[in-house]
Amino acid sequence: QQQQQQQHEELEHRKRQAEQELLFRQIDDDNRNQSDLIPEGSRYSNAIMTDQHKWQALLLEQQRIHQLRNYQASMEAAGLSVSFGGHRPLSRAQSSPATATFPIAVQEPPTKPRFTTGLVYDSLMQKHQCMCGNTNTHPEHAGRIQSIWSRLQETGLRGKCECIRGRKATLEELQTVHSEAHVLLYGTNPLNRQKLDSKNLLGSVTPMFVRLPCGGVGVDSDTIWNEVHSSSAARLAVGSVIELVFKVASGELKNGFAVVRPPGHHAEESTPMGFCYFNSVAIAAKLLQHRLNVSKILIVDWDVHHGNGTQQAFYSDPNVLYLSIHRYDDGNFFPGSGAPDEVGSGPGAGFNVNMAFTGGLEPPTGDAEYLAAFRTVVMPIANEFAPDVVLVSSGFDAVEGHPSPLGGYKVTAKCFGYLTKQLMALAGGRVVLALEGGHDLTAICDASEACVSALLGNELDPIPQEVLQQRPTPNAVRSIEKVLEIQSKYWRSVQRLASTVGYSLIEAQKCETEEAETVTAMASLSVAAKQLEKRPEEEPMEEEPPL
């Protein structure tokens with residue numbers, strides 16, 4: 001009977017725990033919703049939220065202590081001695097009111113993160129969805145990041161990484177790249193915008209929303225807008241990238257991959273476009289400059305579409321090298337920018353490199369062309385620049401499986417693993433990839449897997465022999481040669497590579513080996529010649545006696 005009583009009490013205790021956890025979650029949701037209704041950074045918002053948090057925390061703590069005392073009394077009535085040396089650590093987020101306001105007596109010491117690859121992801125970014133509810137008509141949908149995160153879990157890669165907590169970027173952080181009006185329009189909720197508009201803080205600027213064919217709302221024909229969730233998801237994407245980049249730049253993590261959406265590299269100072277609202281990678285780079293005084297940052301953008309927003313943000317900055325490899329087709333492919341002769345302006349001239357492929361899809365660009373571009377343009381310039389940190393706008397819409405409007409190229413997912421490995425040789429390995437475009441689920445999952453595997457230092461499958469032997473297409477060769485001709489004015493490292501652009505990878509490696517052997521042989525001859533020159537002085541020949 002005593003055993004039955006004990007089991008009954010245990011069941012009641014578990015039930016109370018479950019109810020308590022449910023209450024905690026409810027209050028967390030309420031806090032999140034209410035924090036969106038109050039302008040961040042305003043004088044009264046902090047005071048209101050602090051008082052509200054204190055009140056809720058006090059209520060929760062009192063309720064919890066009351067429950068523990070009831071449980072203790074019931075157990076003692078059953079003849080069991082129960083004592084609580086301290087409060088049981090709550091399984092709560094660190095940002096919750098209870099943990100933020102009341103230090104808990106018994107708490108596990110924070111575990112030091114492993115020095116490995118960092119991952120960041122938050123399911124709240126999935127809430128950025130068109131109000132029509134039909135994901136089939138919108139290529140940039142929540143299933144993208146959900147599928148990638150599941151793939152990393154299924155393959156065991158996620159367990160080998162350090163998963164970090166994301167956060168919403170502040171309005172001030174967003175304004176390092178975007179105008180104040182843009183940030184207020186797309187970074188706050190409708191109630192906030194009404195308050196700001198009533199105070200004339202927005203001026204004459206108003207969001208240009210359009211009705212989409214699906215029945216939903218967008219800022220243009222393909223960039224959807226959800227009045228309830230889009231601003232929070234976009235700010236969470238930016239804040240998550242910032243957190244990961246700073247942990248890598250400060251040496252807390254080895255490198256990283258941010259599984260985020262919506263993407264960012266098309267977002268300009270005052271214009272959302274191409275599924276993008278805030279330029280996550282550009283904002284992270286600006287903050288590295290401002291807060292950590294990082295002197296040289298390389299941004300590699302391998303999304304199949306040119307990152308017009310990122311180019312705009314650093315066009316005159318010699319401390320940020322923007323290097324984009326994209327489909328251009330003489331300006332006839334979205335967004336139309338990214339010509340090879342767009343090299344930067346003023347002190348930034350030469351620090352904007354557009355590896356722009358022209359020639360359409362006959363034949364489509366693939367591994368051989370991307371590897372040739374990396375060998376002759378990307379890596380030589382990147383090595384000469386010698387960055388302190390490498391950020392990658394990692395769109396995967398160049399991977400095979402994307403129809404022409406969204407990509408059309410035939411680069412394999414594994415190729416992006418090889419490209420990642422090459423970038424890891426820069427900046428002491430401080431490399432962070434942030435997801436941009438890519439809409440075929442199989443393609444983006446395969447590519448993400450390949451990239452994370454490379455970041456972890458896993459042995460990659462060797463490049464297939466047919467790819468090693470394949471020469472780049474004539475269209476690609478002409479495109480690369482044009483870039484080299486323009487950039488050779490700024491970068492000495494590319495001047496000698498123009499003659500090898502049309503080589504296959506095997507031919508190029510053979511050429512480099514022969515060149516290295518020739519240099520070694522010449523050096524040996526030079527040393528020998530110097531020794532011969534010195535010998536007459538060191539060992540004078542005997543003079544012949546006079547006749």
Taking every heavy atom of F257 against every heavy atom of L455, the minimum-distance pair comes out as CB-CD1, 4.1 Å

For the pair M125 and I145, evaluate side chain to side chain contact (heavy atoms under 4.5 Å, CB included) and give the outcome as yes or no after the intermediate values.
CA-CA 8 Å; M125 288 181 280; I145 57 171; 3.8 Å; yes

No-hydrogen, no-angle side-chain donor-acceptor test under 3.5 Å, H306 and S324: no

The reported gap from OG1 in T170 to CG in L287 (rounded to nearest 0.5 angstrom) is 8.0 Å

Practice task
Examine the side chains of H265 and D301 and answer whether a donor and an acceptor come within less than 3.5 Å of each other.
Solution key: yes

Residues pairing under salt bridge (Lys or Arg N to Asp or Glu O under 4.0 Å) where one sits in residues 146-157, two or more places apart or in two chains, turn out to be R151-D446, R151-E449

Applying side-chain hydrogen bond (donor to acceptor under 3.5 Å, both in side chains) to E400 and not counting sequence neighbours gives none

For E384, look at atom CD and say whether over 12 heavy atoms of other residues, nucleotides or ligands are found less than 6.0 Å away.
yes

Using only heavy-atom distances, determine whether the side chains of D122 and S240 contain a donor-acceptor pair under 3.5 Å. no

Those residues at least two apart in sequence (or on a different chain) that pass side-chain contact (heavy atoms from CB on, under 4.5 Å) with R471 are S504, E507

Which pairs would a plain distance check flag for residues 387-399, meaning a side-chain donor or acceptor within less than 3.5 Å of a matching protein atom at least two apart in sequence or in another chain?
from : atom 1 : to   : atom 2 : distance (Å)
D388 : OD2    : S295 : OG     : 2.8
D388 : OD2    : K296 : N      : 2.9
S393 : OG     : E436 : OE2    : 2.9
S394 : OG     : W302 : NE1    : 3.1
D397 : OD1    : V304 : N      : 2.9
D397 : OD2    : H305 : ND1    : 3.1

Residues 140-150 vs salt bridge (Lys or Arg N to Asp or Glu O under 4.0 Å), sequence neighbours excluded, gives E140-R144, E140-R261

Applying side-chain contact (heavy atoms from CB on, under 4.5 Å) to S221 and not counting sequence neighbours gives none

Hits for side-chain hydrogen bond (donor to acceptor under 3.5 Å, both in side chains) against Q470, two or more places apart or cross-chain, chain-then-number order -> none

| message | Measuring only between side-chain heavy atoms, which start at C-beta, is V177 closer than 4.5 Å to E269? | response | no

What one should report as the nearest heavy-atom pair of V452 and C161 is CG1-SG, 4.0 Å

Sorted by chain and residue number, the side-chain hydrogen bond (donor to acceptor under 3.5 Å, both in side chains) partners of E342 (sequence neighbours excluded) come out as Q311

Enumerate, atom names and distances included, each donor-acceptor pair closer than 3.5 Å involving a side-chain atom of residues 358-366, sequence neighbours excluded.
from : atom 1 : to   : atom 2 : distance (Å)
T358 : OG1    : D329 : N      : 3.4
T358 : OG1    : D330 : N      : 3.2

So, N308 versus E268: side-chain donor-acceptor pair below 3.5 Å or not?
yes

Residues passing the side-chain contact (heavy atoms from CB on, under 4.5 Å) test with P380, sequence neighbours excluded, are S493, V494, L497

With sequence neighbours left out, the residues meeting side-chain contact (heavy atoms from CB on, under 4.5 Å) with A349 are Y490

Taking the side chain as everything from C-beta on, heavy atoms only, tell me whether L484 gets closer than 4.5 Å to V377.
yes

### Check ion pair E173-K168 (N to O, under 4.0 angstrom)
no

| query | Would you say K414 has more than 12 foreign heavy atoms packed within less than 6.0 Å of its NZ? | reply | no

Residues G338 and A356: closest non-hydrogen pair is O-CB, 3.4 Å

Contacts of T116 meeting side-chain hydrogen bond (donor to acceptor under 3.5 Å, both in side chains) (sequence neighbours excluded), chain-then-number -> none

Using the rule given for ring-ring contact (aromatic ring centres under 6.0 Å, His included), can you reason through H182 versus F278, listing the C-alpha separation, both sets of side-chain angles and the distance that settles it, and then say yes or no? CA-CA 9 Å; H182 180 86; F278 301 119; 5.5 Å; yes

